[in-house]
Number of protein chains: 2
Amino acid sequence: MSATHTAVTTPAPAVSCAEDCGIRDVLDRIGDKWSVLVVVELAHGKRRFRELLRAVDGISQRMLTLTVRRLERDGLVSRTVYPTVPPQVEYELTATGHSLTHLLKALADWSAAHRESIAESRRRWDAENPGSGVH
Amino acid sequence: MSATHTAVTTPAPAVSCAEDCGIRDVLDRIGDKWSVLVVVELAHGKRRFRELLRAVDGISQRMLTLTVRRLERDGLVSRTVYPTVPPQVEYELTATGHSLTHLLKALADWSAAHRESIAESRRRWDAENPGSGVH
DNA sequence: CGGGATCCAGATGGATACTG
DNA sequence: CAGTATCCATCTGGATCCCG
């Protein structure tokens, strides 16, 4: 943040596939409202259904069930049922699910690095375009 | 793919923030249906509105307008209007937008690495849970 | 405790027509 | 060419009730 040159921007375009690359595949999988939050919580260790429900703030019983089912279907989370009474179910990240946490780390890092810049850009845009309805 | 040991999985949990970390912020921004596809196309260079419309397969005029407006609002894309006739508008990634392409590269890499594993897990789950309605 | 079933509101996005 | 405006179908997710 010192010299007169502005953007350094590493040289490579980084992404250069024809259409999709599979990025949409990932986003279709974890781009929903709750998946990443559940995965982040499970990154800390095994969790029971009720524990997840309390840990992931604001999620409903129904959405936790759906989210965890989809993650299980994709092989990112394993589900273990102990036939006790009352029933006990434990959820845990699989190896694939664990690898996902590294990707989420990259997301978190990018977010932290550009959050302020983006927020400021929004404020400026909203000020210059009053009542545009864009969100 | 040779020895008897299965998952190596680098040691660190990678993500360890209390609730969100800001991952949701990123996904709220680029997790929609079209943003990443537009960014990927713009990673190749400047594009006019009509060029983007042709390049991003399936996008409607309305959605391209909305998508590119939001990207501009967040400071990821710049919009330059040449007051010619007929009008000409060029879109280009900003420095922040360019940095995003590196993140998308990570997404694409993860997708490529686990696409088959996930697809197989789905097939198995769907076979074992007929008519579950989970997607 | 760990769900499944139903109902419903709001958000997202597609199709089409019109405009400077 | 580069949008804007309107209408409408679908999808996502929240609230609630019930069940083994």
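Each chain gets a letter, A, B and so on, in the order its sequence line appears, and its residues count up from 1.
- One can place CD of A/E72 at 13 Å from C1' of C/dG3, the figure rounded to the nearest angstrom.
- Put simply, CG on A/D32 is 15 Å from C1' on C/dA11, counting in whole angstrom units.
- Proximity of a side-chain donor or acceptor of B/T67 to a complementary backbone N or O of B/S35 within less than 3.5 Å is not detected.
- B/D74 places no side-chain N or O within 3.5 Å of a backbone atom of B/L76 that could act as its donor or acceptor partner.
- The distance between atom CG of A/D28 and atom C1' of D/dC11, rounded to the nearest whole Å, is 13 Å.
- An OP1 or OP2 oxygen of D/dC11 is reached within less than 4.0 angstrom by no side-chain nitrogen or oxygen of B/K33.
- For B/E90, the side-chain contact (heavy atoms from CB on, under 4.5 Å) partners two or more places apart in sequence, or in a different chain, are B/K46, B/R48, B/Y82, B/Q88.
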- Query: For A/H114 and B/S99, what are the C-alpha separation, side-chain angles and deciding distance, and is it a side-chain contact (heavy atoms from CB on, under 4.5 Å)?
  - Reply: CA-CA 9 Å; A/H114 302 281; B/S99 80; 3.1 Å; yes
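- Atom CG in B/L53 sits about 12 Å away from atom P in C/dG14, given to the nearest Å.
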What N/O pairs connect the protein and nucleotides 2-7 of chain D at under 3.5 Å? Give each pair on its own line.
residue : atom : partner : partner atom : Å
D/dA2   : OP1  : B/R48   : NE           : 3.0
D/dA2   : OP1  : B/R48   : NH2          : 3.3
D/dA2   : OP1  : B/V89   : N            : 3.4
D/dA2   : OP2  : B/R50   : N            : 2.8
D/dA2   : N7   : B/R50   : NH2          : 3.3
D/dG3   : OP1  : B/R69   : NH2          : 3.1
D/dG3   : OP1  : B/R79   : NE           : 3.4
D/dG3   : OP1  : B/R79   : NH2          : 2.6
D/dG3   : OP2  : B/Y91   : OH           : 2.4
D/dG3   : N7   : B/Q61   : OE1          : 3.3
D/dG3   : N7   : B/Q61   : NE2          : 3.0
D/dG3   : O6   : B/Q61   : OE1          : 3.1

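- Here the shortest heavy-atom pairing between B/R24 and A/L37 reads CG-CD2, 3.9 Å.
- Atom NE2 of B/H135 is separated from atom P of D/dT12 by 10 Å (rounded to the nearest Å).
- Counting to the nearest Å, the C1' atom of C/dA15 and the CD1 atom of B/I59 are 14 Å from each other.
- Over its length, the helix from C/dC1-D/dG20 to C/dG20-D/dC1 turns its helix axis by 40°, as judged from the five terminal pairs at each end, rounded to 10°.
- Neither A/V39 nor B/W125 shares a network with the other; the hydrophobic side chains, linked directly or stepwise wherever heavy atoms of I, L, V, M, F, W or Y lie under 4.5 Å apart, form separate groups for each.
- Atom CE of A/M63 and atom P of C/dC8 are 19 Å apart (whole Å).
- Between B/L52 atom CG and D/dC1 atom P there is a gap of 13 Å when expressed in whole angstrom units.
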- Task: Give the intermediate values and the outcome of side-chain contact (heavy atoms from CB on, under 4.5 Å) for residues B/T101 and B/L42.
- Result: CA-CA 10 Å; B/T101 65; B/L42 286 176; over 6 Å; no
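- Judged by distance alone, the side chain of B/S111 and the main-chain N or O of B/L107 form no donor-acceptor pair under 3.5 Å.
- Not a single donor-acceptor pair under 3.5 Å links the side chain of B/S121 to the backbone N or O of B/S117.
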